[in-house]
Participant: 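One structure follows; several queries about it will come next.
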Amino acid sequence: MHRLAAFVIAIICFSGASLAGENAPDLSDWSAVEAKARGQTVYWNAWAGEPSINAYIVWAGKQVLQRHGVRIEHVKLSDTAEAVAKVIAEKAAGRTSGGSVDLIWINGANFAAMKQRGLLYGPWARWLPNYRLLDLENKAPVLSRDFGVPTEGYEAPWDLAQLVFYYDSARVASPPRSAEEWLSYARANPGRLAYPDVQNFLGATFVKQLLIALAPDASALFSSPSDAVFARTTAPLWPYLDALNPLLWRRGKVFPANSAELRQILADGETDVAFSFNPSEASLAISRRELPETVRSYVFYGGTIGNASFLAIPYNSRNKEGAMVVANFLLGADAQARKQDPSVWGGHTVLSVAKLDSSERELFKTLKPGLSPADLGPALPEPHADWMLRLRDMWLQRYASQ
């Protein structure tokens with residue numbers, strides 16, 4: 001969730017009836033879907049904040065064009081809500097077909113709002129031939145729910161992520177591994193910790209990680225909160241942040257914009273710890289010589305927030321067939337293995353490797369991610385999407401003007 005989200009979701013809340021879309025393809029005939037997709041250009045609206053991810057999308061575009069005759073046009077976003085705003089504007093203008101957005105790398109809050117108001121095409125994901133390869137036996141809560149909202153086939157998962165911390169072991173002997181230790185470390189080392197602005201999804205995730213640890217009843221986080229529940233559950237969080245923020249980098253008056261800036265200030269020696277949603281972030285940065293080889297990754301005691309990245313198709317997409325062909329390709333073994341390669345991206349696969357044939361399994365055997373699933377420990381479920389919106393708004397009221 002980024003800077004436009006509140007505006008976009010406010011508009012969505014005043015939207016009209018659910019929209020099923022026009023000229024929907026026959027999903028039961030995948031060969032016909034592929035045939036119709038050939039020659040289409042898919043305008044994939046995707047976050048463009050990491051060069052390694054952008055390069056992966058370029059590679060995927062070449063592969064899909066060669067194999068299926070479908071072109072990918074990467075519409076580079078700094079904020080997912082930019083794409084959502086386009087769909088809303090087209091709906092307001094009565095543009096129920098021929099939309100400018102074909103595929104969105106969507107986040108949980110925007111997915112929940114768009115799904116509720118019928119701004120998504122679907123359900124379509126379960127008809128993808130590669131959907132059967134998903135590891136639903138072991139990862140169903142993450143792959144079938146997005147920030148607590150059932151996906152119900154309206155989006156397809158394509159990457160697994162988990163909050164991972166990293167530090168320079170040449171400078172730090174024992175990094176903070178819990179909310180309590182984070183505050184203690186900040187008190188002992190003023191100015192040496194930072195977290196991104198909560199208008200960035202990573203900053204919002206860090207605050208949610210703290211809330212899970214501090215909440216008197218964490219089970220309340222997994223449904224939409226009433227005012228009373230929100231106030232009661234967040235009561236310990238605000239005194240904690242009141243104490244923490246002045247002890248942060250630049251005295252908490254400036255917050256890093258995103259993961260790239262958080263990584264850069266660690267590399268520059270200004271801070272001691274950074275974090276990312278990519279378990280291989282540190283390994284990849286070391287390979288690019290952006291971080292020293294003494295950097296090590298770790299997670300908090302008891303686990304960290306984990307989630308999946310999803311792809312969604314707007315109700316009025318001009319090229320639904322092409323969008324589904326792209327999504328199906330991204331769920332294929334070769335695309336998932338390349339994505340998991342820490343020298344390329346390092347994102348963990350959503351597939352069950354056991355379901356692959358022997359040659360496909362070989363693609364994963366040589367990969368050595370920065371942190372393995374065993375190293376990551378338990379992935380804590382994301383709170384319901386409404387928590388992130390309310391946490392962000394309250395955080396901005398309390399701290400943005402400091």
Side-chain angles (χ1 to χ4, degrees), residues 19-46 56-75 96-106 115 118-137 140 143-144 151-159 308-339 349-364:
L19 299 166
E22 297 183 2
N23 301 320
D26 179 4
L27 300 183
S28 66
D29 187 348
W30 185 252
S31 295
V33 171
E34 288 185 306
K36 193 170 181 182
R38 188 166 293 275
Q40 292 183 353
T41 296
V42 173
Y43 289 87
W44 182 7
N45 287 240
Y56 177 82
I57 292 176
V58 170
W59 171 83
K62 293 177 179 177
Q63 296 297 312
V64 172
L65 179 60
Q66 179 181 344
R67 301 182 192 191
H68 303 286
V70 176
R71 294 183 181 275
I72 292 176
E73 186 71 32
H74 181 190
V75 181
T96 58
S97 62
S100 63
V101 180
D102 294 311
L103 191 64
I104 305 175
W105 179 2
I106 200 166
K115 179 171 180 278
L119 295 175
L120 296 174
Y121 167 68
W124 58 273
R126 293 169 185 163
W127 292 93
L128 301 180
N130 287 331
Y131 188 88
R132 63 182 177 79
L133 301 176
L134 291 176
D135 190 7
L136 294 174
E137 293 78 10
L143 299 182
S144 60
T151 61
E152 297 179 323
Y154 282 86
E155 58 180 358
W158 70 300
D159 185 51
S309 289
F310 289 90
L311 300 168
I313 301 174
Y315 79 97
N316 66 343
S317 162
R318 183 190 303 271
N319 301 297
K320 295 181 177 70
E321 296 86 1
M324 286 187 285
V325 166
V326 170
N328 190 60
F329 167 79
L330 293 170
L331 284 180
D334 51 351
Q336 286 285 302
R338 184 175 179 85
K339 179 175 59 65
T349 185
V350 295
L351 304 183
S352 170
V353 176
K355 294 180 180 179
L356 305 180
D357 63 35
S358 57
S359 62
E360 291 171 332
R361 288 195 294 270
E362 287 296 322
L363 297 174
F364 291 87

Participant: To the nearest 0.5 Å, what is the distance between CD (Q336) and CG (L356)?
Facilitator: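 Rounded to the nearest 0.5 Å, the CD-CG separation comes to 9.5 Å.
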Participant: How long is the span from the CZ atom in R67 to the CZ atom in F329, to the nearest 0.5 Å?
Facilitator: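 One gets 4.5 Å once the value is rounded to the nearest 0.5 Å.
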Participant: If we check side-chain contact (heavy atoms from CB on, under 4.5 Å) with E73, which of these qualifies: L103, N45, V42, T41?
Facilitator: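 Result for side-chain contact (heavy atoms from CB on, under 4.5 Å) with E73: T41.
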Participant: Going by the side-chain contact (heavy atoms from CB on, under 4.5 Å) test, name the single residue among N319, L65, V325 that passes it with V70.
Facilitator: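 Going through the options one by one, the only one that passes is V325.
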Participant: Can you measure from CG (L351) to CG (L133) and round to the nearest 0.5 angstrom?
Facilitator: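 One gets 5.5 Å once the value is rounded to the nearest 0.5 Å.
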Participant: Taking the side chain as everything from C-beta on, heavy atoms only, tell me whether E155 gets closer than 4.5 Å to L120.
Facilitator: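 With C-beta onward as the side chain, the pair stays apart.
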Participant: Using the side-chain contact (heavy atoms from CB on, under 4.5 Å) rule, take Y56 and L330 through it: C-alpha gap first, then chi angles, then the decisive distance, then the call.
Facilitator: CA-CA 11 Å; Y56 177 82; L330 293 170; 3.9 Å; yes
Participant: Step by step, would you call D135 with E137 a side-chain contact (heavy atoms from CB on, under 4.5 Å)?
Facilitator: CA-CA 5 Å; D135 190 7; E137 293 78 10; 3.7 Å; yes
Participant: Take a 6.0 Å sphere around CZ of F310 and say whether it holds more than 12 heavy atoms from other residues, nucleotides or ligands.
Facilitator: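 Result for CZ/F310: enclosed.
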Participant: Heavy atoms only: give me the nearest W59-A335 pair and the separation to one decimal.
Facilitator: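 That closest heavy-atom pairing would be CH2-CA, 3.9 Å.
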Participant: Just checking, any donor-acceptor pair under 3.5 angstrom between side chains of S317 and D102?
Facilitator: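 On atom types as modelled, these side chains qualify, holding a pair under 3.5 Å.
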Participant: If you compare all heavy atoms of I72 against all heavy atoms of G61, which two are closest, and at what distance to 0.1 Å?
Facilitator: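 Scanning both residues completely, I find the closest heavy atoms to be CD1-CA, 3.7 Å.
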Participant: So that I know where these two stand, are W124 and Y315 an aromatic pair - ring centroids less than 6.0 Å apart?
Facilitator: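 No, they do not, as the ring centres are separated by 6.0 Å or more.
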Participant: Which pair of non-hydrogen atoms, one from L128 and one from A156, has the smallest distance, and what is that distance?
Facilitator: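 Closest approach of L128 to A156: CD1-CB, 4.2 Å.
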Participant: Look at the side chain of H74 and the backbone N and O of V58, then say whether any donor-acceptor pair between them is shorter than 3.5 Å.
Facilitator: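 Not a single qualifying donor-acceptor pair exists.
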Participant: Report the distance from atom CZ of R318 to atom CD of Q40, rounding to the nearest 0.5 Å.
Facilitator: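 It is 10.0 Å, given to the nearest 0.5 Å.
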Participant: If you look at every heavy atom in S28 and W127, which pair is closest and at what distance?
Facilitator: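 For S28 versus W127, the nearest heavy atoms are CA-CZ3, 3.5 Å.
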Participant: If you round to the nearest 0.5 Å, how far is CG of D334 from NZ of K339?
Facilitator: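 Rounded to the nearest 0.5 Å, the NZ-CG separation comes to 12.0 Å.
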Participant: Within a strict 4.5 Å, meaning less than it, do heavy atoms of the W30 and N328 side chains meet?
Facilitator: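 Of all side-chain heavy-atom pairs linking N328 with W30, at least one is under 4.5 Å.
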Participant: Counting neighbours of NZ on K355 that are heavy atoms of other residues, nucleotides or ligands and sit closer than 6.0 Å, is the number greater than 12?
Facilitator: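 Result for NZ/K355: enclosed.
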Participant: In Å and rounded to the nearest 0.5 Å, what is the CH2 to CG distance from W158 to L143?
Facilitator: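 Output value for this atom pair is 14.5 Å.
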Participant: Counting C-beta onward and ignoring hydrogens, is there a side-chain heavy-atom pair between Y43 and S100 closer than 4.5 Å?
Facilitator: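 No. Closest side-chain heavy atoms not under 4.5 Å.
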Participant: Under a 4.5 Å cut-off applied to non-hydrogen side-chain atoms, are Y131 and L136 in contact?
Facilitator: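 Contact flag for Y131/L136 side chains = yes.
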Participant: What heavy-atom pair brings V33 and M324 nearest, and what distance separates the two atoms?
Facilitator: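 What the structure gives for the nearest pair is CG1-CE, 4.2 Å.
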Participant: Side chains of Q63 and R338, heavy atoms from C-beta outward: is any pair under 4.5 Å?
Facilitator: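 They are not in side-chain contact.
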